Amino acid sequence: MSLALPSIVSNITVPLLGLCDVTVMGHVGGARHIGAIAVGSMIFNVMYWLFGFLRMGTSGLTAQAYGARRPDEAASLLQRSLMVAFGIGLLFVVLQLPIRHLSLWLMQASADIRPMVSTYYNICIWGAPAMLGLYVLTGWYIGMQNTRIPMVIAIGQNIINIAISLLLVLGLKMGIEGVALGTVIAQWTGFMSALLWSVKMGGWRRLGSESLFAWGKLSFFVVHLSLFLRTLCLVAVNLFFTSAGSAQGDEILAANTLLMQFFTLFSYVMDGFAYAGEALAGRYYGARNSRMLSATIRHLLLWGTALMLLFTLIYWWGGPTMLGLLTDDSHVVATACRYLPWAVLIPLAGVAAFIYDGIFIGITAAKSMFLSCLVAAIFFFAVYLSLSSTMGNDALWLALLIYLAIRGIVLHLRVKRSTMM
């Protein structure tokens, strides 16, 4: 719980960076300004999501080094991962023009908001090295059994972002440029704070070139590549879910968007326990302590089951009320209530996937994670494409639930085959 609770708080603060930007623009601009921020934020969300493996790979490998009591290895992992993160971040900066053109084309941004999106993008792209570096540092802290520092940094980032954005937009009348600058300053402040804290925790102990550039084992790259491919599967399913809902009309799209907030809320809480699983499973795996590793898995599954039952009851009894709080449009609420039973089943279908994801990241069994997502994605598309003509949006939700369940089932079967567990 001491690992999970700070992670849950950190997860809840993540969307606040984008929410702050939207709120500020919503009060000083109009629909075009809000739309520009929404599109700009989505571009960076997708970019950074694709490189989430920087956090996950660093977390698992560091936790194993921590459990094996190899501080030099933990330090080399941090320094090596930061070099990779900064290299990718600088590549984003160098290739910002083609990335911007491709993103605007993919997002189908209208001519009215393109100039504002470009302005927002041109400033925020300079925060890419800091954001990717912060991913690495967050993963490293989790691996070092410390989730409080990422929580403090996440809260501090939001406070800085809100304060600077308000000052630049309302005080200096800078418009969307002020919002973008506030975001970038908050990102770099968070990164530098995390970097300074890592020095105190021994992350920058002096290492020889042989230790720092020990690429021979290839585990570093194999883990990161497998996690990257897994993320591609996740992105494909999530983007297709939105696209397929949109193709059925604005009302279905709006209803699905509201119901997906149920998934988001559940995921924020479960990710906190998944992070705890990363830290503890990696620690005991690195220490070759199979007894404590098995105990950790059992405890996480118990917590997951309890939370699954709690969220299912909340969604079943309070679902219509929650939807009414999200929008005043009675037609959208009525449509969402039509598909609410599917959303109520999200905790049941997804609990195993969340818990096992954390465990498998901890033991760096990234190939199994990729396999689970690949098999689940194949089932998702097969179910939807075969049933969409007769079931419509019900087929989309059924496919999503099967996708979540398959991920958990495949990982459970892989656990049973593992010699360490």
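Quick caveat, the model's predicted, so the values are computed rather than measured. For the numbers below, each heavy atom of this structure counts, side chains included, while hydrogens, waters and symmetry mates do not.
- Distance alone, capped at 3.5 Å, is enough to place a donor-acceptor pair between the Asn289 side chain and the Met292 backbone.
- Put simply, OG1 on Thr189 and CD1 on Ile160 are 4.5 Å apart, with the number rounded to the nearest 0.5 Å.
- From Asn393, atom CG reaches atom OG of Ser388 across 11.0 Å, with rounding to the nearest 0.5 Å.
- The nearest pair of heavy atoms linking Leu54 to Val84 is CD2-CG1, 4.0 Å.
- Counting heavy atoms from C-beta on, the side chains of Met260 and Thr242 never come closer than 4.5 Å.
- For the residue pair Trp188 and Trp126, the shortest heavy atom distance occurs at NE1-O, 3.0 Å.
- Judged by distance alone, with hydrogens and angles left aside, the side-chain atoms of Gln145 form a donor-acceptor pair with the main-chain N or O of Gly143 at under 3.5 Å.
- In this structure, Phe86 has its ring center closer than 6.0 angstrom to the ring center of Phe191.
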>> Arg338 vs Asp394, test: side chain to side chain contact (heavy atoms under 4.5 Å, CB included). Steps then yes/no.
In response: CA-CA 10 Å; Arg338 158 74 176 77; Asp394 288 299; 2.6 Å; yes
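- We find the CD1-CD1 distance between Ile297 and Ile355 to be 10.5 Å, quoted to the nearest 0.5 Å.
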> Yes or no on side chain to side chain contact (heavy atoms under 4.5 Å, CB included) for Gln157 and Gln187, after CA distance, side-chain angles and deciding distance?
Replying inline: CA-CA 7 Å; Gln157 266 190 295; Gln187 289 169 344; 4.2 Å; yes
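- Residue Arg148 qualifies as open at atom CZ: its count of foreign heavy atoms under 6.0 Å is 12 or below.
- For the pair Arg288 and Tyr285, the cation-pi test (distance below 6.0 Å, angle within 45°) is passed.
- Remark: the backbone N or O of Val93 is paired with a side-chain donor or acceptor of Gln96 at under 3.5 angstrom.
- Contact check for Leu265 versus Phe311: side-chain heavy atoms found under the 4.5 Å cut-off.
- A donor-acceptor pair shorter than 3.5 Å can be found between the side chains of Trp397 and Asn256.
- Trp342 is not listed as a side-chain neighbour of Leu259, based on a closest heavy-atom distance of 4.5 Å or more.
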> Would Met308 and Phe354 count as a side chain to side chain contact (heavy atoms under 4.5 Å, CB included) if you check the C-alpha gap in whole Å, the side-chain angles of each, and the deciding distance to 0.1 Å?
Replying inline: CA-CA 11 Å; Met308 178 269 292; Phe354 281 107; over 6 Å; no
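- Scanning all heavy atoms of the two residues, the minimum distance from Ala376 to Arg407 falls at CB-CG, 3.5 Å.
- One N or O on the side chain of Tyr141 and one on the backbone of Ala194 form a donor-acceptor pair closer than 3.5 Å.
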>> Please evaluate residues Phe240 and Tyr384 with respect to the criterion ring-ring contact (aromatic ring centres under 6.0 Å, His included), reporting the C-alpha separation (whole Å), side-chain torsions for both, the decisive distance (0.1 Å), and the verdict.
In response: CA-CA 10 Å; Phe240 184 85; Tyr384 177 72; 5.5 Å; yes
>> Please determine whether ring-ring contact (aromatic ring centres under 6.0 Å, His included) holds for the pair Phe262 and Phe266, giving the CA-CA distance in whole Å, both sets of side-chain angles, and the decisive distance to 0.1 Å.
In response: CA-CA 6 Å; Phe262 289 48; Phe266 181 66; over 10 Å; no
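- Residues Arg414 and Leu371 have side chains in contact (heavy-atom distance under 4.5 Å, counting atoms from C-beta outward).
- By the 4.5 Å heavy-atom criterion applied to side chains, Arg230 and Leu374 are not counted as neighbours.
- Within 6.0 Å of CH2 in Trp316 there are 12 or fewer heavy atoms belonging to other residues, nucleotides or ligands.
- We find the NE2-CG distance between His299 and Leu280 to be 10.5 Å, quoted to the nearest 0.5 Å.
- In this structure, Ser81 contributes its side chain and Leu78 its backbone to no donor-acceptor pair below 3.5 Å.
- Taking CG from Leu5 and OG1 from Thr147, the interatomic distance works out to 8.5 Å, rounded to the nearest 0.5 Å.
- Between Tyr356 and Met369, every side-chain heavy-atom pair lies at or beyond the 4.5 Å cut-off.
- Between Leu258 and Val332 the shortest side-chain heavy-atom distance falls below 4.5 Å.
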>> I'd like to know whether Val169 forms a side chain to side chain contact (heavy atoms under 4.5 Å, CB included) with Glu177, so could you lay out the CA-CA distance, the side-chain angles of the two residues, the decisive distance to 0.1 Å, and finally the verdict.
In response: CA-CA 8 Å; Val169 176; Glu177 295 92 340; over 6 Å; no
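- Salt-bridge formation is detected for the pair Glu278/Arg55: a Lys NZ or Arg NE/NH1/NH2 atom is positioned less than 4.0 Å from an Asp or Glu carboxylate oxygen.
- With hydrogens and angles disregarded, no donor-acceptor distance shorter than 3.5 Å links the side chain of Ser243 to the backbone of Leu239.
- By the 4.5 Å heavy-atom criterion applied to side chains, Val117 and Ile43 are counted as neighbours.
- Here CG of Leu196 is found 11.0 Å from CD1 of Ile149. Values are rounded to the nearest 0.5 Å.
- Thr231 approaches Leu50 most closely through the heavy-atom pair CG2-CA, 3.7 Å.
- Screening Phe370, Tyr135, Tyr48, Phe228 for a ring pair (Phe, Tyr, Trp, His ring centres under 6.0 Å) with Phe53, the sole residue that qualifies is Phe228.
- In plain terms, the two heavy atoms of Ala255 and Thr335 that are nearest each other are CB-CG2, 3.7 Å.
- Checking side-chain atoms of Asn161 against main-chain N and O of Thr183 turns up a donor-acceptor pair under 3.5 Å.
- Between Leu90 and Pro129, the closest heavy-atom pair is N-CG, 4.1 Å.
- The aromatic rings of Phe92 and Phe51 sit perpendicular to each other, their planes meeting at more than 60°, with 30° as the lower class boundary.
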